Amino acid sequence: KAFMEALKLKDAILVGHSYGCQTSYAYFRAYGVSNVKAFVCIDSPPKYTVDKEGDWAMLKHPSEMRPYLEGVTFDRINSTREFLKSVVTRPLTDKELSWFIDEMQLTPTYIAALLDYHAMLSNFTPEAKAIDGKIPVLNVVADPGYFDGWTKLATNWLKQNTPHSKVTTLGLHFSPWEFPEKFNTAVDGFLAGTK
(Lines give C-alpha, C1' and ligand atoms only; values in the text may rest on other atoms or scores of the structure.)
Protein backbone atom coordinates (compact mmCIF):
# COMPACT_ATOMS: atom_id res chain seq x y z
CA LYS A 1 0.00 0.00 0.00
CA ALA A 2 2.83 2.40 0.88
CA PHE A 3 4.52 1.60 -2.44
CA MET A 4 1.32 2.30 -4.35
CA GLU A 5 0.78 5.53 -2.45
CA ALA A 6 4.40 6.67 -2.90
CA LEU A 7 4.08 6.26 -6.67
CA LYS A 8 0.54 7.68 -6.65
CA LEU A 9 -0.75 4.58 -8.42
CA LYS A 10 -4.48 4.59 -9.10
CA ASP A 11 -6.59 1.55 -9.95
CA ALA A 12 -3.58 -0.76 -9.80
CA ILE A 13 -3.55 -4.21 -11.34
CA LEU A 14 -1.95 -6.63 -8.88
CA VAL A 15 -0.07 -9.55 -10.40
CA GLY A 16 1.17 -12.16 -7.95
CA HIS A 17 3.24 -15.21 -8.78
CA SER A 18 3.35 -18.10 -6.31
CA TYR A 19 3.81 -16.56 -2.84
CA GLY A 20 3.18 -13.18 -4.46
CA CYS A 21 -0.47 -14.22 -4.58
CA GLN A 22 -0.35 -14.58 -0.80
CA THR A 23 1.00 -11.01 -0.58
CA SER A 24 -1.89 -9.80 -2.74
CA TYR A 25 -4.43 -11.68 -0.63
CA ALA A 26 -2.88 -10.11 2.48
CA TYR A 27 -3.45 -6.69 0.88
CA PHE A 28 -7.09 -7.61 0.25
CA ARG A 29 -7.40 -8.79 3.87
CA ALA A 30 -6.12 -5.45 5.15
CA TYR A 31 -7.60 -3.00 2.61
CA GLY A 32 -10.24 -4.80 0.56
CA VAL A 33 -10.15 -3.96 -3.13
CA SER A 34 -9.35 -0.32 -2.45
CA ASN A 35 -7.40 1.15 -5.36
CA VAL A 36 -7.17 -2.23 -7.17
CA LYS A 37 -8.63 -2.57 -10.64
CA ALA A 38 -7.87 -6.27 -11.25
CA PHE A 39 -5.87 -9.20 -9.90
CA VAL A 40 -3.84 -11.87 -11.68
CA CYS A 41 -2.80 -14.84 -9.51
CA ILE A 42 -0.18 -17.08 -11.09
CA ASP A 43 -0.21 -20.67 -9.89
CA SER A 44 -1.06 -20.41 -6.24
CA PRO A 45 -4.06 -21.61 -4.28
CA PRO A 46 -5.32 -19.33 -1.50
CA LYS A 47 -4.15 -21.96 1.00
CA TYR A 48 -1.65 -24.79 0.78
CA THR A 49 -3.07 -27.33 3.23
CA VAL A 50 -6.19 -29.43 2.66
CA ASP A 51 -8.96 -29.06 5.24
CA LYS A 52 -11.64 -30.99 3.41
CA GLU A 53 -12.08 -33.03 0.25
CA GLY A 54 -12.10 -30.90 -2.87
CA ASP A 55 -9.81 -28.23 -1.45
CA TRP A 56 -7.39 -26.79 -3.98
CA ALA A 57 -4.23 -27.30 -1.95
CA MET A 58 -0.90 -29.09 -2.12
CA LEU A 59 -0.51 -30.65 1.32
CA LYS A 60 -2.55 -33.00 3.47
CA HIS A 61 -0.62 -31.65 6.46
CA PRO A 62 1.98 -28.86 6.80
CA SER A 63 4.51 -31.45 8.03
CA GLU A 64 4.77 -32.69 4.44
CA MET A 65 6.82 -29.57 3.73
CA ARG A 66 9.47 -30.50 6.29
CA PRO A 67 12.01 -31.99 3.81
CA TYR A 68 11.68 -28.93 1.55
CA LEU A 69 11.94 -26.48 4.45
CA GLU A 70 15.01 -28.27 5.82
CA GLY A 71 16.55 -28.09 2.36
CA VAL A 72 15.88 -24.35 2.11
CA THR A 73 17.30 -23.80 5.60
CA PHE A 74 20.34 -26.08 5.58
CA ASP A 75 21.17 -26.89 1.94
CA ARG A 76 19.83 -23.90 0.07
CA ILE A 77 21.63 -24.21 -3.28
CA ASN A 78 20.92 -27.92 -3.83
CA SER A 79 17.35 -27.48 -2.62
CA THR A 80 16.86 -24.55 -5.00
CA ARG A 81 18.36 -26.53 -7.87
CA GLU A 82 15.94 -29.43 -7.33
CA PHE A 83 12.99 -27.08 -6.98
CA LEU A 84 13.86 -25.33 -10.25
CA LYS A 85 14.00 -28.63 -12.11
CA SER A 86 10.44 -29.37 -10.99
CA VAL A 87 8.81 -26.10 -12.08
CA VAL A 88 9.60 -26.05 -15.80
CA THR A 89 8.57 -28.37 -18.62
CA ARG A 90 12.05 -28.73 -20.13
CA PRO A 91 15.57 -29.18 -18.77
CA LEU A 92 17.21 -25.89 -17.83
CA THR A 93 20.59 -25.09 -19.31
CA ASP A 94 23.47 -24.69 -16.86
CA LYS A 95 23.43 -20.95 -17.55
CA GLU A 96 19.69 -20.68 -16.83
CA LEU A 97 19.99 -22.78 -13.69
CA SER A 98 22.88 -20.66 -12.40
CA TRP A 99 20.99 -17.43 -13.12
CA PHE A 100 17.86 -18.61 -11.27
CA ILE A 101 19.90 -19.85 -8.29
CA ASP A 102 21.78 -16.55 -8.10
CA GLU A 103 18.53 -14.57 -8.24
CA MET A 104 16.84 -16.70 -5.60
CA GLN A 105 19.85 -16.38 -3.28
CA LEU A 106 19.24 -12.62 -3.16
CA THR A 107 16.50 -13.36 -0.65
CA PRO A 108 18.22 -14.15 2.67
CA THR A 109 17.70 -17.73 3.84
CA TYR A 110 15.84 -16.74 7.01
CA ILE A 111 13.41 -14.66 4.94
CA ALA A 112 12.94 -17.48 2.40
CA ALA A 113 12.16 -19.92 5.21
CA LEU A 114 9.70 -17.49 6.82
CA LEU A 115 7.96 -16.98 3.48
CA ASP A 116 7.64 -20.76 3.11
CA TYR A 117 6.20 -21.15 6.60
CA HIS A 118 3.82 -18.24 6.07
CA ALA A 119 2.47 -19.69 2.83
CA MET A 120 2.10 -23.18 4.25
CA LEU A 121 0.19 -22.03 7.33
CA SER A 122 -1.93 -19.19 5.90
CA ASN A 123 -5.48 -19.48 4.66
CA PHE A 124 -6.62 -16.75 2.29
CA THR A 125 -9.76 -18.56 1.15
CA PRO A 126 -12.01 -15.88 2.71
CA GLU A 127 -10.17 -13.18 0.73
CA ALA A 128 -10.38 -15.13 -2.54
CA LYS A 129 -14.13 -15.45 -2.03
CA ALA A 130 -14.57 -11.86 -0.84
CA ILE A 131 -13.03 -10.27 -3.93
CA ASP A 132 -14.93 -12.52 -6.33
CA GLY A 133 -17.23 -10.37 -8.42
CA LYS A 134 -15.86 -7.13 -6.93
CA ILE A 135 -12.83 -6.94 -9.23
CA PRO A 136 -11.86 -9.04 -12.26
CA VAL A 137 -9.59 -11.95 -11.29
CA LEU A 138 -7.52 -14.22 -13.52
CA ASN A 139 -6.01 -17.42 -12.12
CA VAL A 140 -3.19 -18.88 -14.22
CA VAL A 141 -3.00 -22.53 -13.16
CA ALA A 142 -0.17 -24.94 -13.92
CA ASP A 143 -1.01 -27.78 -16.26
CA PRO A 144 -0.40 -30.57 -15.27
CA GLY A 145 0.68 -29.02 -11.99
CA TYR A 146 2.17 -30.44 -8.82
CA PHE A 147 0.42 -33.81 -8.90
CA ASP A 148 -1.92 -35.78 -11.11
CA GLY A 149 -5.31 -34.09 -11.08
CA TRP A 150 -3.98 -30.67 -9.94
CA THR A 151 -5.45 -28.75 -12.87
CA LYS A 152 -8.90 -30.32 -12.54
CA LEU A 153 -8.89 -29.79 -8.78
CA ALA A 154 -7.94 -26.12 -9.21
CA THR A 155 -10.47 -25.35 -11.91
CA ASN A 156 -13.28 -27.14 -10.03
CA TRP A 157 -12.45 -25.31 -6.79
CA LEU A 158 -12.32 -21.94 -8.53
CA LYS A 159 -15.61 -22.58 -10.33
CA GLN A 160 -17.37 -23.49 -7.08
CA ASN A 161 -15.80 -20.87 -4.80
CA THR A 162 -14.97 -17.92 -7.06
CA PRO A 163 -17.38 -18.31 -9.99
CA HIS A 164 -16.65 -14.86 -11.43
CA SER A 165 -12.92 -15.45 -11.76
CA LYS A 166 -11.33 -16.42 -15.07
CA VAL A 167 -9.03 -19.42 -15.30
CA THR A 168 -6.37 -20.28 -17.83
CA THR A 169 -3.99 -23.25 -17.70
CA LEU A 170 -0.42 -23.01 -18.89
CA GLY A 171 2.86 -24.85 -18.37
CA LEU A 172 4.20 -25.45 -14.92
CA HIS A 173 5.01 -23.07 -12.08
CA PHE A 174 7.32 -20.83 -14.13
CA SER A 175 4.99 -20.52 -17.12
CA PRO A 176 5.38 -16.70 -17.46
CA TRP A 177 9.13 -17.18 -17.94
CA GLU A 178 8.91 -20.35 -20.02
CA PHE A 179 5.96 -19.35 -22.25
CA PRO A 180 5.99 -15.52 -22.25
CA GLU A 181 4.01 -15.07 -25.48
CA LYS A 182 1.19 -17.40 -24.41
CA PHE A 183 1.19 -15.92 -20.93
CA ASN A 184 1.11 -12.32 -22.19
CA THR A 185 -1.66 -13.17 -24.66
CA ALA A 186 -3.77 -14.65 -21.83
CA VAL A 187 -3.19 -11.67 -19.53
CA ASP A 188 -3.71 -9.10 -22.29
CA GLY A 189 -6.98 -10.80 -23.25
CA PHE A 190 -8.12 -10.79 -19.65
CA LEU A 191 -7.20 -7.12 -19.14
CA ALA A 192 -8.91 -6.11 -22.37
CA GLY A 193 -12.16 -7.30 -20.79
CA THR A 194 -11.75 -5.19 -17.65
CA LYS A 195 -13.26 -1.73 -17.32
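Owing to the predicted nature of the structure, the values given are computational and were not obtained by experimental measurement.
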Within the distance-only criterion (no hydrogens, no angle test), does the side chain of Glu178 pair as donor or acceptor with the backbone N or O of Thr89 below 3.5 angstrom?
yes

Over 12 non-hydrogen atoms of neighbours within 6.0 angstrom of CG in Asp148
no

Any side-chain heavy-atom pair of Trp177 and Val88 under 4.5 Å:
yes

Return yes if some donor-acceptor pair links the side-chain N/O of His173 with the main-chain N/O of Ser44 below 3.5 Å, else return no.
no

Could you report the tightest heavy-atom contact between Val140 and Phe183, atom names first, then the distance?
CG2-CE1, 4.0 Å

Please report the interatomic distance CG(Asn139) to CH2(Trp157), rounded to the nearest 0.5 Å.
8.5 Å

Quick check: do Lys60 and Thr49 have side-chain heavy atoms less than 4.5 Å from each other?
no

Kindly give the heavy-atom pair with the smallest separation between Val141 and Ala154, and that separation in Å.
CG1-CB, 3.6 Å

Test salt bridge (charged side-chain N to carboxylate O under 4.0 Å, His left out) on Lys52 and Asp55; report intermediate values, then the result.
CA-CA 6 Å; Lys52 62 183 184 308; Asp55 277 350; 3.4 Å; yes

Would you say that more than 12 heavy atoms from the other residues, nucleotides or ligands in this model lie under 6.0 Å from the CD of Glu181, or not?
no

Test item: Asp43 side-chain N/O and Phe174 main-chain N/O as donor-acceptor pair under 3.5 Å:
no

Nearest heavy-atom pair of Leu9 and Asn35: which atoms, and what distance?
O-ND2, 2.8 Å

Is it true that, when you exclude Arg90 itself, more than 12 heavy atoms of the residues, nucleotides or ligands shown sit nearer than 6.0 Å to its CZ?
yes

If I take atom CD from residue Gln22 and atom CG from residue Asn123, how far apart are they, to the nearest 0.5 angstrom?
9.0 Å

So, the side chain of Ser98 versus the backbone of Lys95: is there a donor-acceptor pair under 3.5 Å, distance only?
no

Using modelled atom types and a 3.5 Å cut-off, is there a donor and acceptor pairing between side-chain atoms of Ser24 and backbone atoms of Gly20?
yes

Are there over 12 heavy-atom neighbours, none belonging to Tyr68, within less than 6.0 Å of that residue's OH?
yes

Between Thr73 and Leu69, is there a donor-acceptor pair closer than 3.5 Å when you use the side chain of the first and the backbone of the second?
yes

Out of Leu158, Ile131, Ile135, which residue meets the side chain to side chain contact (heavy atoms under 4.5 Å, CB included) rule with Ser165?
Leu158

Does Ser122 use its side chain to pair, donor to acceptor, with the backbone of Lys47 at less than 3.5 Å?
no

Within the distance-only criterion (no hydrogens, no angle test), does the side chain of Tyr25 pair as donor or acceptor with the backbone N or O of Pro126 below 3.5 angstrom?
no

Side-chain contact, heavy-atom cut-off 4.5 Å: Asn161 with Trp56?
no

Partner set under side chain to side chain contact (heavy atoms under 4.5 Å, CB included) for Lys152, not counting sequence neighbours:
Asn156

Non-neighbouring partners of Glu82 that pass side chain to side chain contact (heavy atoms under 4.5 Å, CB included), sequence neighbours left out:
Lys85

Near Ile77 CD1, under 6.0 Å, is it more than 12 heavy atoms from other residues, nucleotides or ligands?
no

